[in-house]
Structure formats: structure tokens, C-alpha cells
Amino acid sequence: MPLTATGPLVTAAAAARRAVAAFNVITLEHAEAIIEGAEAARTPVILQISENAVAFHHGRPAPLARAAAEAAALASVPVALHLDHVRSAGLLHRAADCGFGSVMFDASHLPYEENVAATRAAADWAHRHGLWLEAELGEVGGKDGGGPLDAHAPGARTDPAEARAYVAATGVDALAVAVGSSHAMTRRTARLDHGLLVRLRGALDVPLVLHGSSGVPDAELRRAVAGGITKVNIGTALNIAMTGAVRAHLAADPAVVDPRRYLSAGRRAMAAAVTGLVAALEPVGEGGVSGGVRTGCPP
Ligand code: G3H
Ligand code: ZN
């Protein structure tokens, strides 16, 4: 089916009080695995390419984005393409040309007024070019190799009243909130502030996004979705799966030289991780817990 726009996918999930998973794409094998895993679960999915991944590809977003978009167009489930954690206005301005339907503009490291001004400009530009725009207020830690923020550090939690003013001032379509998760965790030990999430949900009328979800256990993820999270961003979990499988393959077959051998193992492991993670976002009794199938997708 044709590449899907992010906005309608997230809006539909919010209306159904569900969440859509957004997985980070670094290589073509990531995109293929994410689609394969989502097809197995018969669920829509978002492919997201971060500014850091673009930097890895020599600063050129188009080759990976176009490959991911082509893979999405061959999928049997709805797949959207999102540009993630963008700080550079120059990259934002290339998004529409590269096939992205949405962008997360990340000015969360800036003081509040500067965050508002930069994000307002980004949202205005995005909307003029038909893009859905997500932003972040309160900073989810663990970015770019930094450690998690202390729970009491300024910005480690999103303030509901400030978030309400921020959404009104910037015009963003969705908001990433800091409620206890942190990026790049390799163990699933995060505990979320569900009370804060309830207050944020009550204060805001845009979809809420959970970043750093690799470190969040299944039960916490499911509770966060029930509490109002609509988009769940996952990256590190796939890299753990891929690297573990590649490492095991290389150890078992030290003479291998054809990368298709070990990349196949890595891709299979990522696809299985995707299927497991999207099942964890389903309400109890409708998803992986009972083995049911999500509605709204073709078989
Ligand atoms: O925006 C991307 C996500 O927040 C990924 O975080 O790698 O910790 O799952 P993660
Ligand atoms: Zn993130």
C-alpha cells in the first residue's frame, strides 16, 4: 500500500486510545525488519530516521529515506516515514523532498523561550509544506551518549501547565514528554511517572509521545498507552537484537565473509523484536497478551 502520512496514523491511534510504534531506522535492514515485524503483527508502524542516522550516512538523508519509503510502499500494513530528533533547520527544510511525512523538531535542550521560538518557526514551516510536526518539552535524557537525567534535574519532567502554554504558543501537532524514560537504555528498568502522565493528558489536546522506550518494560509501556501515550519511539532495542544476532553468527561461523549471512540473522532478530514490542502496546486481551489481532489493518 502507498506510504502513509504520519498524522492520520497517530490521530487514528489516539481516537482508538491505542498507540503506534515508531522504530529507528539506521540501515536498510532496519527498515525491512520493522516492516516484516509489523506485517507479522498486522499493525501500522512508523519508520523514523534520526538526524544522527543522517549524519552516519554522510549527512545525506535522501538515499536511506527513499529506500525506506520504497520498502514502505510494498508493505501490506500502513507504514509512515518520520524524520526524528532534528536540530538543524537545514535538515528540516529537506524533509518534504526526501519523502518524510513528519518531523520531530528537537529544541528541548534550549531554554523555554528559545525552544518556543525555534519550534514555532519549525512548525510554521512544516505546516506550510504539508508536514506533521512533533516537538519536545522537558528533556528526555540519554541523547548523544549523555547519561539519563536525574529525576530531580530541571527539565527531567514535563510540567503540565508549561506544556499547555507551549503547545498553544508553538502550534505543534504532538508533544514528546519527559515522564521518566531515557534514551539508549540497554536494560528495561525504567519506571514511568504515571501520575504525571495523567495530568499531562488532561492538560493537552495533542497526542503525547514517549521517547526512550527501549528501557521501558512491557507492563510499563502498556500502562503508559492506557494513560494517554499515542506514539512510542523505540530504537536501541532493535540495535540490541541486531548486534546480538550478528555477534552470535560471527562467533558460530568465524570463516563467514558474505555479509548477507550475518545481516540476515540480524534482520530476523530485529523483526522478531518489533513483533514482540508492538504486541506489548496492545491493551490486555487484544494484543500479544492473548494472541489477538489488531483491527484496522488488512490481513
Ligand atoms: O526517538 C527515538 C527514541 O526515543 C528511541 O529511544 O533508543 O532509547 O529506544 P531508545
Ligand atoms: Zn527520542
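Order of listing sets the numbers, starting from 1, for every ligand and every atom in it. In this chain, residues are counted from 1 in sequence order. When reading the values below, keep in mind they use all heavy atoms of this one structure, side chains included, and skip hydrogens, waters and symmetry mates.
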Atoms in ligand 1 flagged as close to [X], the criterion being non-hydrogen separation under 4.0 Å:
X: Ser213; result: 9 (O)
X: Gln48; result: 1 (O), 2 (C)
X: Thr236; result: 7 (O), 8 (O), 9 (O), 10 (P)
X: Gly235; result: 5 (C), 7 (O), 9 (O), 10 (P)

[Y] and [X] side chains, donor-acceptor separation under 3.5 Å:
X: Asp253; Y: Tyr262; result: no
X: Asn239; Y: Thr243; result: no
X: His82; Y: Ser102; result: yes
X: Tyr166; Y: Thr158; result: no
X: His127; Y: Asp173; result: yes

Closest approach of Val172 to Ala135 (non-hydrogen atoms, all atoms of both residues): CG1-CB, 3.7 Å

Could you find the nearest protein heavy atom to [atom] and give me its residue, atom name and distance?
atom: atom 3 (C) of ligand 1; result: Asn233 CB, 3.4 Å
atom: atom 4 (O) of ligand 1; result: Gly212 N, 2.8 Å
atom: atom 1 (O) of ligand 1; result: Asp84 OD2, 2.5 Å

Over 12 non-hydrogen atoms of neighbours within 6.0 angstrom of CZ in Arg201: yes

Check ion pair Arg120-Asp124 (N to O, under 4.0 angstrom):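 So Arg120 pairs with Asp124 through a salt bridge.
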
Asp106 with Lys143: basic N within carboxylate O range, under 4.0 Å: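 A salt bridge is present here (some side-chain N lies under 4.0 Å from a carboxylate O).
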
Among Ala184, Ala190, Ser214, closest by any non-hydrogen atom to atom 8 (O) of ligand 1: Ala184

Residue from Gln48, Glu134, His183 passing side-chain hydrogen bond (donor to acceptor under 3.5 Å, both in side chains) with His85: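 Result for side-chain hydrogen bond (donor to acceptor under 3.5 Å, both in side chains) with His85: His183.
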
Beyond-backbone contact of Lys231 with Leu210, side-chain heavy atoms, under 4.5 angstrom: no

Distance criterion under 2.8 Å: protein N/O/S atoms around the Zn ion (ligand 2):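 Of the protein's nitrogen, oxygen and sulfur atoms, 3 lie under 2.8 Å from the Zn ion (ligand 2).
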
Polar proximity ligand 1 side, Ala237 side, N/O cut 3.5 Å exclusive: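 By distance alone, the answer is no.
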
Proximity of Asn24 to ligand 1 by residue part, where a heavy atom lies under 4.0 Å: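 The answer is the side chain of Asn24.
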
Met104 touching ligand 1 at heavy-atom level, < 4.0 angstrom: no

